[in-house]
S.K.: 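Mind having a look at this structure? Questions to follow.
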2 protein chains.
Amino acid sequence: MNDKSSQVIDTMARKCIVGRMRLMNRVITGLYDSALRPLGVKASQFNILVVTGQLGLARPAEVCSILRLDTSTLSRNVERMRTQGWLEIVPAEDARAQPFRLTEQGRLLLEQCAPAWERAQQGAEELLGEEGMTLLDKLARKLGLPMS
Amino acid sequence: MNDKSSQVIDTMARKCIVGRMRLMNRVITGLYDSALRPLGVKASQFNILVVTGQLGLARPAEVCSILRLDTSTLSRNVERMRTQGWLEIVPAEDARAQPFRLTEQGRLLLEQCAPAWERAQQGAEELLGEEGMTLLDKLARKLGLPMS
DNA sequence: GCCATGTATTTGTATATACAAGAATATCCC
DNA sequence: GGGATATTCTTGTATATACAAATACATGGC
């Protein structure tokens with residue numbers, strides 16, 4: 001490999017935003033997955049539970065817009081969580097819609113997640129530091145996240 | 001749902017680090033996936049190509065350590081990329097090892113990715129802003145990323 | 001040399017994710 | 001009211017990801 005090629009590759013390695021983002025995502029997700037494992041919940045599912053809990057009655061399109069998820073992704077996640085008994089579909093006027101909400105069991109589960117979530121949250125804060133937390137807040141706002 | 005429950009859920013929604021991290025990851029990954037799509041490369045694969053290019057001869061365990069990837073994940077990614085003709089396995093002394101490197105085609109592809117990567121990179125920088133970029137650098141260092 | 005132990009990787013299984021295409025229903029306009 | 005169009009969601013397909021278990025080889029002690 002010649003020098004020019006090496007240089008280009010080196011630049012892409014050192015500056016790549018998506019590389020960093022994905023790596024950090026794996027690390028942080030691992031933290032929460034570990035903490036939530038005893039409850040049988042994954043980080044992805046936890047976030048859906050939380051948003052559903054906030055909305056009360058959740059329209060898939062709305063949840064996807066909030067979480068920036070493809071509708072097909074949510075569709076399958078909801079299906080799995082429905083199978084677990086955490087969510088239930090609610091009949092709607094519009095026959096196309098499939099609004100859902102937490103079941104009683106789902107609400108209980110979500111509350112039971114709180115201590116594990118706290119622990120993971122603390123671990124993540126330690127990793128990121130005070131400064132990192134502030135930064136994350138700003139990034140979230142920069143991306144216009146509804147969760148900020 | 002009573003007030004106490006709502007409060008807990010609201011806190012988890014507003015403060016959740018993993019939620020933000022995963023959401024930002026989806027947004028940023030989408031940016032790079034779109035830019036790289038004409039080349040038939042995904043963000044995940046691009047990052048493996050880059051690290052392999054840097055290492056020259058890449059041992060799976062080493063790549064996994066750098067990218068914080070499970071070995072089983074890398075194993076399958078490498079297999080797909082080998083099928084594409086981008087990577088090749090190199091025989092090693094230790095018969096357990098499966099070191100690999102870029103093929104000529106893989107090296108060319110990686111170089112051809114540079115303009116698309118630049119475009120995605122610019123898009124990401126616009127999203128994150130100057131400040132966000134600095135923050136990301138710091139986060140990366142905080143997590144001890146080798147890519148910083 | 002052999003056996004226990006350790007190391008490097010793959011395989012089995014499950015979830016998460018997105019794009020493209022399909023299905024079902026609603027709306028609009030004539 | 002009926003057909004074109006838009007909306008909402010699901011299905012088909014492919015990749016990414018991790019954990020647990022299996023495989024295959026190496027190493028060290030006896």
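In what follows, chains are A, B, ... by sequence order, proteins preceding strands, each numbered from 1. Side chains are part of it too, since the values below use all heavy atoms of this structure and drop only hydrogens, waters and symmetry mates. Note that the structure is a prediction, hence the values are computed from the model and not measured.
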S.K.: Both A:Ser34 and A:Ser75 contact DNA chain D. Which one's nearest nucleotide lies toward the 5' end?
M.R.: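 Its nearest nucleotide lies further toward 5', so the answer is A:Ser75.
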S.K.: For A:Glu93 and D:dC9, give me the distance from atom CD to atom P, rounded to whole Å.
M.R.: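 Between P of D:dC9 and CD of A:Glu93: 15 Å.
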S.K.: Nearest 0.5 angstrom please: A:Met24 CE to B:Met24 CE, how far?
M.R.: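 A:Met24 atom CE to B:Met24 atom CE measures 7.0 Å (nearest 0.5 Å).
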S.K.: How close or far is atom C1' of C:dT15 from atom CD of A:Gln84, stated in whole angstroms?
M.R.: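 About 11 Å, once rounded to whole Å.
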S.K.: Does a side-chain N or O of A:Asn77 approach OP1 or OP2 of C:dT17 to a distance below 4.0 Å, or not?
M.R.: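 A:Asn77 to C:dT17 OP1/OP2: side-chain N or O found under 4.0 Å.
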S.K.: Rounded to whole angstrom units, what separation is found between the CZ atom of A:Arg96 and the C1' atom of C:dA26?
M.R.: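 Whole-Å distance recorded here is 4 Å.
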S.K.: Could you please name the option among C:dT9, D:dC19, C:dA16 that lies closest to any side-chain atom of B:Asp70?
M.R.: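 That would be D:dC19.
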S.K.: Less than 4.0 angstrom between a side-chain N/O of B:Arg22 and OP1 or OP2 of C:dT17, yes or no?
M.R.: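 Checking C:dT17 against B:Arg22, a side-chain N or O does come within under 4.0 Å of OP1 or OP2.
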S.K.: Rounded off to whole Å, could you give me the CG-to-C1' distance for the B:Asn25 and D:dA16 pair?
M.R.: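 Result: 11 Å.
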S.K.: In terms of the nearest nucleotide of DNA chain D, which residue is placed more toward the 5' end: B:Ala95 or B:Ala43?
M.R.: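 Nearest nucleotide further toward 5': that of B:Ala43.
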S.K.: Let's test your reading of the model: under 3.5 Å, does the base of C:dC19 pair with the side chain of A:Ser72 as donor and acceptor?
M.R.: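 Checked by distance alone, the answer is yes.
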S.K.: Determine: side-chain N/O of B:Arg68 to OP1/OP2 of D:dT17, distance under 4.0 Å, yes or no.
M.R.: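 Result: no.
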S.K.: Just by distance, with hydrogens left out, do B:Arg22 and B:Asn25 show a side-chain donor and acceptor under 3.5 Å apart?
M.R.: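 No donor-acceptor contact under 3.5 Å links the two side chains.
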S.K.: Using whole Å, what does the distance between atom P of nucleotide D:dC9 and atom CG of A:Leu69 come to?
M.R.: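 Going from A:Leu69 (CG) to D:dC9 (P), I get 14 Å.
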S.K.: Check this for me: does any side-chain nitrogen of one of B:Asp33 and B:Arg37 sit under 4.0 Å from a carboxylate oxygen of the other?
M.R.: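 Looking at B:Asp33 and B:Arg37, the cut-off is not met.
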S.K.: Side-chain N or O of A:Gln98 versus OP1/OP2 of D:dT10: is the shortest distance under 4.0 Å?
M.R.: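 Yes.
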S.K.: Does A:Glu62 CD have over 12 foreign heavy atoms under 6.0 Å away?
M.R.: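 Above 12, so yes.
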S.K.: A:Glu79 near the nucleic acid: base, sugar-phosphate alone, or nothing, with a heavy-atom cut-off under 4.0 Å?
M.R.: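 It contacts nothing in the nucleic acid.
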S.K.: Take B:Thr71 and A:Asp94, find for each the nucleotide of DNA chain C with the closest heavy atom, and name the residue whose nucleotide sits nearer the 5' end.
M.R.: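 Looking at the nearest nucleotide for each, B:Thr71 comes out on the 5' side.
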S.K.: Is the shortest side-chain N/O distance from B:Thr73 to OP1 or OP2 of D:dT17 below 4.0 Å?
M.R.: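 Checking D:dT17 against B:Thr73, no side-chain N or O comes under 4.0 Å of OP1 or OP2.
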S.K.: Using OP1 and OP2 only, check whether a side-chain N or O of B:Arg37 sits under 4.0 Å from C:dA18.
M.R.: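 No, outside the criterion.
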S.K.: Evaluate the side-chain proximity of A:Cys16 to B:Asn47: yes if any heavy-atom separation is below 4.5 Å, no if none is.
M.R.: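 B:Asn47 reaches A:Cys16 side chain to side chain.
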S.K.: Does D:dT15 have its OP1 or OP2 closer than 4.0 Å to a side-chain nitrogen or oxygen of B:Gln45?
M.R.: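 For B:Gln45, the contact criterion (side-chain N or O under 4.0 Å from OP1 or OP2 of D:dT15) is not met.
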S.K.: B:Arg26 CZ to D:dT15 P: how many Å, rounded?
M.R.: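 The distance from CZ of B:Arg26 to P of D:dT15 comes to 21 Å, rounded to the nearest Å.
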S.K.: On a plain distance test, is the side chain of A:Arg76 in donor-acceptor contact with the base of D:dT13 below 3.5 Å?
M.R.: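 Between D:dT13 and A:Arg76, which were checked side chain against base, a qualifying N/O pair under 3.5 Å is present.
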S.K.: Write down the distance between CG (B:Leu74) and C1' (D:dC19), rounded to a whole number of angstrom.
M.R.: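 It is 16 Å, rounded to the nearest whole Å.
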S.K.: Between P on D:dT10 and CZ on A:Arg82, what's the gap in Å once rounded to a whole number?
M.R.: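 Whole-Å distance recorded here is 10 Å.
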S.K.: Against A:Glu88, only a single residue in A:Arg101, A:Gln105, A:Glu104 fulfils side-chain contact (heavy atoms from CB on, under 4.5 Å); can you say which?
M.R.: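 Answer to the side-chain contact (heavy atoms from CB on, under 4.5 Å) test with A:Glu88 among A:Arg101, A:Gln105, A:Glu104: A:Arg101.
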